[in-house]
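First the structure, in the form of structure tokens, and then the observations on it.
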Amino acid sequence: MCKTRVLSVSAAQAQFETTTIERRPLRPDDVSIDIKFSGICHSDIHIAHGDWAGGIFPMVPGHEIAGIVTAVGEKVTKFAVGDRVGVGCYVDSCGECEYCLRGEEQHCLKGAVATYNSLDYEGKPTYGGYSQNIVVTERFVVLIPDGMELDVASPLLCAGITTYAPLKRWNAGPGRRVAILGMGGLGHVAIQFAHALGAEVTMLSRTKDKENEALSFGADYFYSTLDPETFNTLAGRFDLILSTVSANIDVDLYLSLLRVDGTLINVGAPPEPSQYNVFSLIASRRSIAGSFVGGLPETQEMLNFAAAHGIVAQIEVIAANQVDEAYERILRSDVRYRFVIDTSTL
Ligand code: NAP
Ligand code: ZN
């Protein structure tokens, strides 16, 4: 057993407190990681605030983990002490079902074990990355490429794979017009991936405040969604719209921006159900889709692709005692573009 300091909440909406938990003893296929940085995803807020289903408390959020390997079990083959590694949204899965076998562990039929707010296969709660140490089976650990700093890499473990996976799946690339809706943690890396994949990229944000930064991340165009003229100008334009918005959107309005066969892909996960008129689909043979993080092989592929194209998150590093304030700022969209906790301050 290894004791580790963590930031935990005792109930939905409670303030964070510093406590201590014990990580499990190293199993033969386990990797023990000294966490250096942990990104704050908007999903952490949804989960810690009880926006979605009920939470398991006390809760230690965090699924954008970057750190250094400090010990490995005797059967570990992929990692050695000193390796720079990451852990994302999942820490275990059955490893045998059709989805695990094809590297889509997030869809495991037994139910993949989430990095936090989940029960492992022994029935014990999992605790995430707002912590100084974590023990994870090696199948769920990825290598952070040389030259990529751990702090700017950590958000890629969720924000990166969540946007890269659907952009690849729906063929964002040369000759395709892609709109990214919402420029937060996910949105700002989505611009970079869509641009690097060769698509024409349009950023759709509420205000014009982030225009210059969007263009510097690789957007070709930028429009304000608060300006009604935007929806006339861009009608029928896009092959894909990737919505990263954490609140409900006017689905019919955004569908009107898709060309024939266009797809609105939702990765943003608002708590309330949304509505649309089916004629918005029928008229131009459009689709509405969703996408959920990504599997481990694709997470490693995403990190390698990011390293090859110089893609990282733009971050604001904070101390452990600033996390409550950071949550409030994210809810006001006052973050450019990801808060990352320096876990040495715990
Ligand atoms: P974030 O940093 O808060 O960014 C969300 C962006 O959405 C904001 O920057 C803002 O963009 C826009 N937005 C927020 N409130 C809005 C409102 N009321 N109306 C219109 N636009 C609004 O959040 P994030 O960490 O990127 O996460 C985004 C969403 O993705 C969350 O719901 C999260 O839970 C979800 N998520 C899903 C997955 C998955 O696997 N599907 C994985 C990770 C996260 P502008 O200021 O540019 O308008
Ligand atoms: Zn996340």
Side-chain angles (χ1 to χ4, degrees), residues 38-53 61-65 86-90 104-107 112 114-117 128-130 154-167 169 179-191 193 202-214 217 219 222-227 230 241-251 253-254 265-272 274 289-295 298-299 302 313-316 326-340:
S38 187
I40 299 181
C41 176
H42 202 121
S43 300
D44 296 346
I45 303 179
H46 288 308
I47 297 167
H49 284 185
D51 286 353
W52 298 336
H63 58 210
E64 294 186 337
I65 298 167
V87 176
C89 298
Y90 286 94
E104 296 192 323
E105 296 85 354
Q106 76 276 28
H107 299 304
T115 307
Y116 70 90
N117 195 43
Y130 299 4
S154 63
L156 299 181
L157 275 304
C158 174
I161 184 61
T162 299
T163 53
Y164 176 83
L167 288 168
R169 181 172 184 81
I180 309 296
L181 177 57
M183 189 163 160
L186 268 56
H188 91 288
V189 291
I191 300 173
F193 281 125
T202 300
M203 184 65 224
L204 302 174
S205 182
R206 283 168 295 179
T207 66
K208 294 282 252 178
D209 295 355
K210 302 169 185 167
E211 179 165 11
N212 288 339
E213 278 165 323
F217 291 136
F222 186 101
Y223 288 88
S224 160
T225 57
L226 295 179
D227 178 359
T230 291
I241 301 174
L242 182 68
S243 172
T244 72
V245 173
S246 48
N248 271 323
I249 57 171
D250 183 338
V251 177
L253 190 59
Y254 288 99
I265 311 162
N266 292 284
V267 288
E272 303 299 328
S274 60
S291 186
F292 182 42
V293 292
E298 196 170 29
T299 302
M302 174 277 304
Q314 183 170 317
I315 62 167
E316 192 175 323
Y327 273 32
E328 286 168 22
R329 284 184 54 195
I330 293 169
L331 290 172
R332 295 198 302 269
S333 298
D334 174 22
V335 49
R336 296 203 175 179
Y337 284 90
R338 201 52 137 190
F339 289 114
V340 170

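Note: hydrogens, waters and symmetry copies are ignored here, and every other heavy atom, side chains too, is used. Order of appearance sets the numbers: ligands from 1, and atoms from 1 within every ligand.
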Quick look: Ala159 vs ligand 1, heavy-atom contacts under 4.0 Å, and the answer is neither
Start with the C-alpha gap between Ile161 and Glu298, add the side-chain angles, then the distance that decides, and say whether side chain to side chain contact (heavy atoms under 4.5 Å, CB included) holds.
CA-CA 8 Å; Ile161 184 61; Glu298 196 170 29; 3.9 Å; yes
Student check: side-chain heavy atoms of Phe292 and Cys89 closer than 4.5 Å:
no
Does any N or O in the side chain of His49 come within less than 3.5 Å of the main-chain N or O of His46, such that one atom is a donor and the other an acceptor?
no
The Zn ion (ligand 2) is nearest to which N, O or S atom of His63?
NE2
Which option wins on minimum heavy-atom distance to atom 42 (C) of ligand 1: Ile45, Thr225, Thr162, Val245?
Thr162
With atoms numbered from 1 as shown, which atoms in ligand 1 lie under 4.0 angstrom from a non-hydrogen atom of Ile330?
3 (O)
Quick one: sort the Phe217 and Tyr337 rings into parallel, tilted or perpendicular, breaks at 30° and 60°.
perpendicular
Please check: side-chain N/O of His188 versus main-chain N/O of Gln314, any donor-acceptor pairing under 3.5 Å?
yes
Among His42, Gln106, Arg329, which one has a heavy atom closest to atom 1 (P) of ligand 1?
His42
Please classify the Met183 to ligand 1 contact at 4.0 Å (heavy-atom distances, strictly less than): side chain, backbone, both or neither.
both
Can you tell me the protein heavy atom closest to atom 30 (O) of ligand 1 and the distance?
Gly268 CA, 3.3 Å
N/O to N/O below 3.5 Å, does that happen between Trp52 and ligand 1?
no
How far is atom 43 (C) of ligand 1 from its nearest protein heavy atom, and which residue and atom name does that atom have?
Cys158 SG, 3.4 Å
State, to 0.1 Å, how close Gly128 and Ile65 come at their nearest heavy-atom pair, and which atoms those are.
C-CD1, 4.5 Å
Is there a heavy atom in Thr244 that sits closer than 4.0 Å to ligand 1?
yes
Test item: Arg338 side-chain N/O and Ile40 main-chain N/O as donor-acceptor pair under 3.5 Å:
yes
So if I count the atoms of ligand 1 from 1 in the order they appear, which ones are less than 4.0 Å from some heavy atom of Ser43?
33 (C), 34 (O), 35 (C), 36 (N), 43 (C), 44 (C)
Considering only protein heavy atoms, which is closest to atom 32 (O) of ligand 1, and at what distance to one decimal place?
His46 NE2, 2.8 Å
Do Lys208 and Asp227 make a side-chain contact, defined as non-hydrogen atoms from C-beta onward lying under 4.5 Å apart?
no
In the protein, which heavy atom is nearest to atom 4 (O) of ligand 1, and how far is it?
Gly184 CA, 3.3 Å
Filtering Ala247, Pro271, Ser243 for the heavy atom nearest atom 18 (N) of ligand 1 leaves Ala247
Counting only heavy atoms, which portion of Ser205 has something under 4.0 Å from ligand 1: side chain, backbone, both, or neither?
both
For ligand 1, is any non-hydrogen atom under 4.0 Å from Ser333's backbone (N, CA, C, O), its side chain (CB onward), both, or neither?
side chain
Is Phe339 touching ligand 1 with its side chain, its backbone, both, or neither, if touching means heavy atoms under 4.0 Å apart?
neither
So do the side chains of Tyr254 and Thr225 get within less than 4.5 Å of each other, counting heavy atoms only?
yes
Considering heavy atoms of the protein only, find what lies nearest to atom 46 (O) of ligand 1 and give residue, atom and distance to 0.1 Å.
Lys210 NZ, 2.8 Å
How about Tyr164 and Thr299: do any of their side-chain heavy atoms sit closer than 4.5 Å?
no
Does even one non-hydrogen atom of Phe222 get within less than 4.0 Å of ligand 1?
no
Of all the non-hydrogen atoms in the protein, which one sits nearest to atom 13 (N) of ligand 1, and at what distance?
Arg206 NH2, 3.5 Å
Could you tell me if Tyr327 and Asp44 have a donor-acceptor pair between their side chains, going purely by distance under 3.5 Å?
no
Does an N or O anywhere in Ala269 fall below 3.5 Å from an N or O of ligand 1?
yes
Report, in ascending order of atom number, the atoms of ligand 1 lying under 4.0 Å from any heavy atom of Phe292.
40 (O)
Cationic N near anionic O, under 4.0 Å, Lys210 to Glu213:
no
Could you list the atoms of ligand 1 found under 4.0 angstrom from a heavy atom of Gly182?
11 (O), 47 (O)
In this structure, atom 37 (C) of ligand 1 is nearest to the protein heavy atom Val267 O, 2.8 Å
For atom 40 (O) of ligand 1, state which one of Ile40, Asp44, Val293, Ile249 supplies the nearest heavy atom.
Val293
So, does Ser243 use its side chain to make a donor-acceptor pair with the main chain of Asn266 at under 3.5 Å?
no
Just by distance, do the side chain of Ser205 and the backbone of Ser224 share a donor-acceptor pair under 3.5 Å?
no
For ligand 1, is there an atom lying under 4.0 Å from some heavy atom of Arg338?
yes
Leu186 versus ligand 1: do any nitrogen or oxygen atoms come within less than 3.5 Å of each other?
yes
What is the nearest protein non-hydrogen atom to atom 2 (O) of ligand 1, stated with its residue, atom name and distance?
Gly185 N, 2.9 Å
Determine whether Asp209 and Arg336 satisfy the following criterion, side chain to side chain contact (heavy atoms under 4.5 Å, CB included), listing intermediate values before the conclusion.
CA-CA 11 Å; Asp209 295 355; Arg336 296 203 175 179; 3.6 Å; yes
On a heavy-atom basis, which atom in Gly295 and which in Glu105 lie closest, and how many Å separate them?
CA-OE1, 3.3 Å
Taking Glu316 for its side chain and Val335 for its backbone only, find out whether a donor-acceptor pair lies under 3.5 Å.
no
Look at His42 and state whether any of its N, O or S atoms is less than 2.8 Å from the Zn ion (ligand 2).
no
